[in-house]
2 protein chains.
Amino acid sequence: MIGTSYLNDRRKAILKAVVEEYILNGQPIGSEELLRKYSLGCSSATIRAELAALEEMDYLSHPHTSAGRVPTEQGYRIYVDHLLTLSPVSFQEEEKISQVLNRQAQDLRNILAEACRLVAAISTYTSLALAPQANQQVMRHIHFVPVSAKQALVILVTSLKVIQDQFLEVSVEVSEEDLEYLSHYLSRRLLGKTPWQCLQELPVIREEQPARLVSLLNQLSTVLHNVFLYEQSERLIVEGAENLLLASDFRNSFTQRRLADALDRRFLLQDVLDRHLTSRNLQIFIGQENEVVEMHDLTLLAMPFEASRYAYGALGLLGPMRMDYAKGIRLLACVTGVLERALSQEA
Amino acid sequence: MIGTSYLNDRRKAILKAVVEEYILNGQPIGSEELLRKYSLGCSSATIRAELAALEEMDYLSHPHTSAGRVPTEQGYRIYVDHLLTLSPVSFQEEEKISQVLNRQAQDLRNILAEACRLVAAISTYTSLALAPQANQQVMRHIHFVPVSAKQALVILVTSLKVIQDQFLEVSVEVSEEDLEYLSHYLSRRLLGKTPWQCLQELPVIREEQPARLVSLLNQLSTVLHNVFLYEQSERLIVEGAENLLLASDFRNSFTQRRLADALDRRFLLQDVLDRHLTSRNLQIFIGQENEVVEMHDLTLLAMPFEASRYAYGALGLLGPMRMDYAKGIRLLACVTGVLERALSQEA
DNA sequence: GGTTGGCACTCTCATCTGGAGTGTGCCAAC
DNA sequence: GTTGGCACACTCCAGATGAGAGTGCCAACC
């Protein structure tokens, strides 16, 4: 037998075959099966020897003596790093996804939610979408609209195509002209600023305005807080959790429950995605590479996208370690591509 | 033994005990256990005789010879119709729920989504929320807002506190004054009308307006269609599906998958809830009483609520047949109460 | 030296079996 | 109508058995 720790071409071919077979069927693969399905140019005994070498190198493992081989996390790692062949995204695919996402001009949250649903549905795994941070956007538009004698609507639009609207209570003293005036005044003072800068500015503005408008400005302050609040609670969208929970790989009820709880703790996932947003490339976390304990037997694909200049979000795909990497990566590449184009069409 | 088909007080007490025990533990109940836990004033042999009679009447059944009794669907039916004692909703409960729901003045969809999440979380089952039909609301407000040279925002507010806003593409010929003018003009023509009536009216209006505004009016037409579209796709909100899917009662993977699919087919559930909205009271569908085959071993509680005059929505709770009926009914009553009050606070 | 066929070995998995446990149904006595 | 006693039926668990699958090792071969 050749040296035990060297990954020659035959071993690469065998490792690739094992990983892809396992992704396909989820069953341990034996030497005879490899011989039958792949033309490896040697006998099953030789394959066995190579399998043993690959196991020695920690790329494969053995559920038990008389079972076939299964990839280890390191095995998947080698696979995605060196063995995976990606076909480019076809124009038709991208066109189809583009159609679904652009069915109607939408604001950021709707687009992201739609993208997330799409990825979950196509992949049959769980999809995550992380919106850019609130402070990576600036106010583009601010407008008060009288709705009734007691209510007004405030509408904020930001550079990230986020629309935030909310009912405000209006005292009888506030006239329609006041609202009109305030719309223009605040536009002059706040447009081009980040939500945070706006919040800083509001107390100053409040001083300059007549007393009857103070309540309105206070409420606006709450709305701006909500832009941050949205950041905290709704920046992350999760779709298709049931796909993962019902996946045959995790029939253990304890694991299922734990995973369901983990997916509910948005902050956790949000944090993880955020921290890896610094890289501008696809990132892959296999098994224990995931910081979140509950995801230790899952793989997370995370693909950042540029929602607008310097504002990055991410689209993620969470599936079993034996997920179809090629398909998943293509899908994410395709959808983030469409997303970037849809979001960059700024007015 | 007394007559076999008559439900006397002792039998009622025993049936109630069996149902409540089973709701609590999910285990078949034997005569000895009943004797121990409930003071029924007779021996286990007598209880056995009564259990046999209740089984004869189809209120209880027998998984196998040497197992205890389990309620049948008819048993649950008798229980909810005649044996269930409901304590009234306490002020504190209602106050607490009210606080969560009214954290911020919100539009209908957010309130409903929040209510749905709340019910799912408290009940640990699956919660459904059905918004009133689009045509049960009238336009309250319509406004165009210039956002940039190429984009405008249209904002619709209806009597049901639905806010619908969407970006519109604007040609260079359309001035800010045009948008202002159109806001006023359309307000005069469309306010007080249902979305459907508005859609009817738009072609007429289009005729009367200069050519450069036609594209805008066409896009408005699409937005109005979206109000209907929202009716078709997002009128029903489902939360906590994973609670039901992971419930220990349904560990069968086939059933889980089927249920997950059924919960995804919103139209189906929407239809069911809609059809029973004519009744203005709580409705209970136990097992096969559900029209949807996938829900044949579940119970659906459906509680209608009045979102505004003549506009009814519903809040539903979907759980195992052995759900805690008392708790579920209280919860729905409480949340719909809060909802009605929150939504009736019209400006 | 690398490769090959042969073969004993090991481990899982499905099936079977027996015994403990549980709750019933029936009966005779009250 | 109610009660205690008891045989019976059935589930559930543990241990046993055998088939099947895939390996590791070895001697022979190129």
Side-chain angles (χ1 to χ4, degrees), chain A residues 1-15 17-18 21-22 25-72 75 248 251, chain B residues 1-15 17-18 21-22 25-72 75 248 251:
Chain A
M1 190 171 74
I2 50 178
T4 192
S5 60
Y6 175 65
L7 203 58
N8 60 20
D9 283 350
R10 188 167 65 196
R11 287 177 184 173
K12 281 183 186 168
I14 291 177
L15 180 54
V18 172
E21 262 312 288
Y22 191 65
N25 301 317
Q27 298 291 330
I29 297 96
S31 53
E32 295 284 352
E33 194 181 349
L34 284 173
L35 188 67
R36 237 182 311 113
K37 296 194 183 170
Y38 296 81
S39 38
L40 294 164
C42 58
S43 74
S44 70
T46 309
I47 295 176
R48 274 201 292 282
E50 299 291 49
L51 288 174
L54 286 165
E55 188 170 351
E56 181 72 21
M57 290 183 252
D58 264 342
Y59 297 145
L60 294 179
S61 83
H62 230 177
H64 57 85
T65 355
S66 77
R69 265 24 181 250
V70 161
T72 62
S248 48
R251 296 241 119 272
Chain B
M1 188 171 73
I2 50 179
T4 191
S5 61
Y6 175 66
L7 203 57
N8 59 20
D9 284 348
R10 187 168 67 197
R11 286 177 184 172
K12 280 183 187 166
I14 291 177
L15 180 55
V18 172
E21 261 312 288
Y22 192 65
N25 302 316
Q27 299 291 330
I29 297 96
S31 53
E32 296 282 353
E33 194 181 349
L34 284 173
L35 187 66
R36 237 182 312 113
K37 296 194 182 169
Y38 297 81
S39 39
L40 294 165
C42 58
S43 75
S44 68
T46 307
I47 295 175
R48 274 202 293 282
E50 298 292 49
L51 288 173
L54 286 165
E55 187 170 350
E56 180 71 22
M57 289 183 253
D58 264 341
Y59 297 146
L60 295 178
S61 83
H62 230 179
H64 56 85
T65 352
S66 78
R69 270 12 185 254
V70 161
T72 61
S248 48
R251 295 241 119 277

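First the proteins, then the strands, lettered A, B, ... as listed; each starts at 1. Source: prediction; values computed, not measured.
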B/Ser31 side chain near C/dG23 phosphate (N/O to OP1/OP2, under 4.0 Å): no
4.5 Å side-chain heavy-atom contact, A/Gln27 and A/Glu33: no
Sugar-phosphate, base or nothing in reach of B/Ser44, heavy atoms under 4.0 Å: nothing
Among C/dG25, C/dT3, D/dG24, the one nearest B/Arg69 by side-chain distance: C/dG25
Heavy-atom side-chain proximity of A/Thr46 to A/Arg10 below 4.5 angstrom: yes
Integer-rounded Å distance: C/dC26 C1' and B/Leu51 CG: 15 Å
Whole angstrom value for the distance that separates P of C/dG25 from CG of B/Leu54: 12 Å
Heavy-atom check, side chain of A/Glu55 versus side chain of A/Leu51, under 4.5 Å: no
C/dT4 base / A/Ser43 side chain donor-acceptor hit below 3.5 Å: no
B/His64 side chain, from C-beta outward: closest of C/dT4, D/dT2, D/dT11: D/dT11
Nearest-angstrom distance from the residue atom CD of A/Glu50 to P of C/dT4: 10 Å
Side chain of B/Glu55 (C-beta onward), nearest among D/dT2, C/dG21, C/dG25: C/dG25
Whole angstrom value for the distance that separates P of D/dA21 from CD1 of A/Ile29: 16 Å
Nearest listed nucleotide, side chain of B/Arg48, among C/dG25, D/dC10, C/dT4: C/dG25
Length of the CD-P vector between B/Glu56 and C/dT24, whole Å: 16 Å
Short side-chain N/O contact to C/dT3 OP1/OP2 from A/Arg10, under 4.0 Å: yes
Paired nucleotide for C/dA29 [Watson-Crick or G-U wobble; both distances under 3.5 Å]: D/dT2
Whole-Å gap separating C1' (D/dG22) and OH (A/Tyr22): 16 Å
A/Glu21 vs A/Tyr38 side-chain heavy atoms within contact, under 4.5 Å: yes
Candidate nucleotides D/dC10, D/dA21, D/dG24, ranked by approach to the side chain of B/Ser66 - the nearest: D/dC10
Touch class at under 4.0 angstrom, heavy-atom based, for B/Ala45 against every strand present: base
Minimum heavy-atom distance A/Pro71-A/Leu60, with the two atoms named: CA-CD2, 3.8 Å
Nearest listed nucleotide, side chain of A/Thr65, among D/dG24, C/dT10, C/dG25: C/dT10
Polar side-chain atom of B/Ser31 near backbone of B/Arg48 as donor-acceptor pair, under 3.5 Å: no
Opposite nucleotide pairing with D/dG20, Watson-Crick or G-U, both atom distances under 3.5 Å: C/dC11
A/Glu33 CD to D/dA21 P, straight-line distance once rounded to whole Å: 11 Å
Proximal nucleotide (of C/dT24, C/dG25, C/dT22) relative to the B/Ala52 side chain: C/dG25
Separation of atom CD1 in A/Ile14 from atom C1' in D/dG22, rounded to whole Å: 15 Å
